[in-house]
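Since this is a predicted model, take the numbers as computed values, not measurements.
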There are 2 protein chains.
Amino acid sequence: MKRSRKAADTSTPAKIDIRSVASLARVSIATVSRTINHVPTVDPILAARVWKAVRELNYFPNTQARALVSGKSRLLGLIVSEITNPFFPELIQEFEHAAVAHGYEILLGSTNYEPKTMELCSRRMIERMVDGVAIMTFGIEDFLLDRFTADNIPFVFIDPAPSRPLNSVLAVDYRAGIYEGVQHLAVLGHRDIGFISGPLNRRSAQSRKAAFLSCLESTGIKANHDWLIEGTHTLDGGRDAMRHILALPNWPTAIMCSNDMTAIGVQHALFEANLKVPSDFSLIGFDDIHLAEYTIPPLTTIRMSCKDLANKAIENLLSRLNPPEGQGEDATTITTRLIARQTTGFPRNTLQDLKQTPARKPQSR
Amino acid sequence: MKRSRKAADTSTPAKIDIRSVASLARVSIATVSRTINHVPTVDPILAARVWKAVRELNYFPNTQARALVSGKSRLLGLIVSEITNPFFPELIQEFEHAAVAHGYEILLGSTNYEPKTMELCSRRMIERMVDGVAIMTFGIEDFLLDRFTADNIPFVFIDPAPSRPLNSVLAVDYRAGIYEGVQHLAVLGHRDIGFISGPLNRRSAQSRKAAFLSCLESTGIKANHDWLIEGTHTLDGGRDAMRHILALPNWPTAIMCSNDMTAIGVQHALFEANLKVPSDFSLIGFDDIHLAEYTIPPLTTIRMSCKDLANKAIENLLSRLNPPEGQGEDATTITTRLIARQTTGFPRNTLQDLKQTPARKPQSR
DNA sequence: GAACTCAGTGTAAACGTTTTCCCTCAGGTA
DNA sequence: TACCTGAGGGAAAACGTTTACACTGAGTTC
């Protein structure tokens with residue numbers, strides 16, 4: 001009745017609720033409810049009448065009312081860092097796919113790396129009564145986790161901390177993939193390897209950097225701290241970090257990046273400087289987004305399967321929603337592995353001279 | 001009481017609702033409601049007590065109950081084609097930004113180009129009682145629109161059709177940008193221009209293709225229908241379309257793509273075939289996603305501002321939610337324009353010979 | 001000092017569902 | 001025929017809010 005309609009359409013559009021279905025089907029609303037929820041005891045004759053009415057009126061049940069009374073929203077929260085990093089859309093898609101397969105919908109939140117936004121997201125999740133929440137980003141505060149616990153909302157996340165429940169962490173084995181990457185470079189002959197991390201105020205970025213450093217050490221390569229740059233996990237961040245490295249007196253021969261977007265930014269900085277990949281620099285990314293296959297040349301990277309991540313997250317959440325009989329409450333782990341494409345090759349000072357035109361003197365050893 | 005907790009934590013975690021706040025603050029629930037909704041008539045003394053209780057209990061109001069009784073969910077639906085095409089995350093981000101600026105949240109749906117999924121999305125939007133919905137994809141059926149109308153849910157979309165309300169369409173002026181693109185190529189000397197469209201069962205793809213053809217004609221260039229390929233708006237689609245063109249006996253000298261992802265796929269196919277951009281082929285994309293600046297070489301493309309699109313969509317929706325005094329109910333139009341970067345240059349047979357190594361004979365005229 | 005106002009509260013009725021409980025009635029049994 | 005059983009359906013309570021309405025008192029006006 002609020003909005004007045006334009007045309008000769010005088011009648012208020014009839015609200016279509018369970019009552020209208022009930023009266024059209026000449027049954028009680030209880031029967032309608034039972035029918036649409038597939039309760040087996042309802043008389044097929046009545047059920048048929050109900051379905052007919054549902055179709056005729058184009059009736060959709062009101063989810064809010066449903067959730068309110070049943071206490072279950074059939075909604076799974078998914079909090080990610082940043083929707084414009086293609087890794088996350090891929091993750092979201094997998095997550096959504098797995099969720100709907102189990103009859104859930106997803107409520108998306110994106111923090112943009114801001115603690116304030118993270119808090120807002122968590123709040124929304126609670127307000128909308130999600131049945132569970134997957135936190136695929138870093139830096140969630142314990143007090144928010146406590147609020148989830150208070151509302152009995154199970155959560156999964158990839159941000160391990162000593163104080164936190166083990167059964168809710170999806171441990172990513174960064175080290176395995178990064179080790180493969182470092183080995184791959186070492187075998188090619190690289191000894192001067194730089195690393196562009198994500199923003200170091202997140203634990204994941206720290207984990208990846210720490211993994212890199214430790215892999216370097218176990219491969220017997222000495223780290224040069226001038227080549228450990230803090231990036232932002234974005235195209236711009238990768239480009240800027242590489243520009244910074246190119247301004248250094250000594251250059252590494254290979255760069256590892258803590259995500260693929262960073263690596264693509266690096267490729268661009270190299271293109272600007274008229275340097276070639278992999279002949280001047282070898283380059284390894286992390287994530288293996290679909291785009292990695294399409295860069296020029298295609299990006300060697302470390303795959304973290306977002307399908308795996310999504311499925312394990314959902315599986316974990318669901319198992320705590322409908323607790324199965326006996327099961328181990330172990331931390332799940334997500335593996336990573338190297339996908340070798342065309343951005344890695346022999347270092348420039350091993351097999352070939354510098355016939356290219358580098359603007360500065362490369363690292364000699 | 002459902003889930004049993006692990007530890008010595010025997011007490012059921014107390015449900016925190018408006019009643020608990022009311023009793024802690026020693027006021028009625030009505031006063032709590034008025035306080036948290038900033039109704040100005042409440043006594044500051046009581047309000048202070050309420051806020052204190054809210055903080056103490058960490059109370060979040062239940063959105064479902066709120067929406068149920070007020071009839072307003074403060075939720076805006078956003079339906080997009082495909083979340084893994086970076087254009088859409090950028091759009092989503094802008095949309096969300098504008099939405100929260102007005103106190104709304106967004107409910108995201110992604111159709112993956114499947115009519116069935118589109119129907120499911122629309123259904124979710126209605127079930128969750130969105131206050132309005134922006135349909136940023138194509139191929140929505142009239143019966144779904146009717147359902148929105150029946151529930152008095154305003155919608156905006158970019159899929160014009162004769163039968164549809166003018167005030168709800170965001171007309172995109174594809175022609176302006178495409179014309180600039182064709183002109184740009186013509187000035188460089190290109191006469192043989194191919195076009196890779198999106199999936200032609202969507203009207204937008206048809207619109208862009210039609211715009212291209214019409215621009216070609218008004219520039220006095222004859223279209224070659226062998227070079228009009230139907231793509232999928234994806235990386236893979238672009239690559240495959242270009243492979244197809246390269247298998248033809250005659251090649252165009254320039255390719256326009258109906259989105260940037262397609263263009264990046266084309267670049268990859270060219271890379272595979274050891275062909276150079278722009279010396280062998282000029283290339284123009286559409287959308288201007290952030291990544292376009294980062295391809296190698298950076299992509300010349302036609303910008304459709306997703307910020308503009310998002311803002312206009314929200315503006316339209318909001319103006320119909322809270323109808324202002326007097327305003328024109330015109331169709332809004334979104335402009336497009338050429339962003340010239342480095343994938344366009346002189347055609348290969350105008351200024352230079354074929355010193356490259358093309359696998360096949362190029363088109364001669 | 002009585003009658004009015006009106007600011008500020010509280011009570012209770014919605015909102016559209018699910019779900020518990022009770023009732024009816026058909027069919028089976030003695 | 002009288003009784004029991006149980007399948008199936010309806011009435012009504014509940015979910016956590018907002019909001020219409022009624023109420024209380026303090027301040028104002030004569």
Ignoring backbone atoms, establish whether [X] has a side-chain N or O less than 4.0 Å from OP1 or OP2 of [N].
| X | N | value |
| --- | --- | --- |
| A:Thr31 | D:dG8 | no |
| A:Ser70 | C:dT18 | no |
| A:Ser33 | C:dT18 | yes |
| A:Tyr59 | C:dG16 | no |

Between [atom2] on [N] and [atom1] on [X], what's the gap in Å once rounded to a whole number?
| X | N | atom1 | atom2 | result |
| --- | --- | --- | --- | --- |
| A:Leu68 | D:dA13 | CG | C1' | 13 Å |
| B:Lys72 | C:dA14 | NZ | C1' | 17 Å |
| B:Gln64 | D:dT17 | CD | P | 11 Å |
| B:Arg19 | D:dC15 | CZ | P | 7 Å |
| B:Asn62 | D:dA14 | CG | C1' | 14 Å |
| B:Ile29 | D:dG16 | CD1 | P | 11 Å |
| B:Arg128 | C:dC15 | CZ | P | 21 Å |
| B:Leu46 | C:dG8 | CG | C1' | 8 Å |

(request) Assign each of B:Asp43 and A:Ala65 to its nearest nucleotide of DNA chain C by heavy atoms, then name whichever residue's nucleotide is nearer the 5' end. (result) B:Asp43
(message) Run the salt bridge (Lys or Arg N to Asp or Glu O under 4.0 Å) test against A:Asp142 and tell me which residues pass, sequence neighbours left out.
(response) A:Arg164
(message) Could you measure the distance from the CG atom of A:Asn311 to the CG atom of A:Asn316? Nearest 0.5 Å is fine.
(response) 12.5 Å
Options [options], nucleotide nearest the side-chain atoms of [X]:
| X | options | value |
| --- | --- | --- |
| A:Asp17 | D:dT18, C:dG16, C:dT18 | C:dG16 |
| A:Thr41 | D:dT18, C:dT18, D:dG8 | D:dG8 |
| A:Val27 | C:dT18, D:dG10, C:dG8 | D:dG10 |
| A:Ile18 | C:dT18, C:dT9, C:dG10 | C:dT18 |

Please list, for nucleotides 20-26 of chain C, all pairs of protein and nucleotide N/O atoms separated by less than 3.5 Å.
none

(message) Enumerate the ring pair (Phe, Tyr, Trp, His ring centres under 6.0 Å) contacts for residues 25-58 of chain A, please, sequence neighbours excluded, ordered by first and then second residue.
(response) A:His38-A:Trp51
(request) Please determine which of B:Ile36, B:Asn37, B:Thr31 meets the side chain to side chain contact (heavy atoms under 4.5 Å, CB included) test together with B:Arg34. (result) B:Thr31
(message) Angle between the two end axes of the helix from C:dG1-D:dC30 to C:dA30-D:dT1, five base pairs per end, rounded to 10 degrees?
(response) 50°
(request) Determine whether the side chains of A:Asn62 and A:Arg66 contain a donor N or O and an acceptor N or O closer than 3.5 Å. (result) no
(message) Could you check whether B:Arg128 pairs with A:Glu105 (Lys NZ or Arg NE/NH1/NH2 to Asp/Glu carboxylate O, under 4.0 Å)?
(response) yes
(request) Apply side-chain hydrogen bond (donor to acceptor under 3.5 Å, both in side chains) to the pair B:Thr149 and B:Asp146, showing each step before the final yes or no. (result) CA-CA 5 Å; B:Thr149 310; B:Asp146 290 345; 4.9 Å; no
(message) Run the ring-ring contact (aromatic ring centres under 6.0 Å, His included) test against A:Tyr104 and tell me which residues pass, sequence neighbours left out.
(response) none
(message) Checking A:Phe157 now: which residues fulfil ring-ring contact (aromatic ring centres under 6.0 Å, His included) with it, not counting sequence neighbours?
(response) A:Phe155
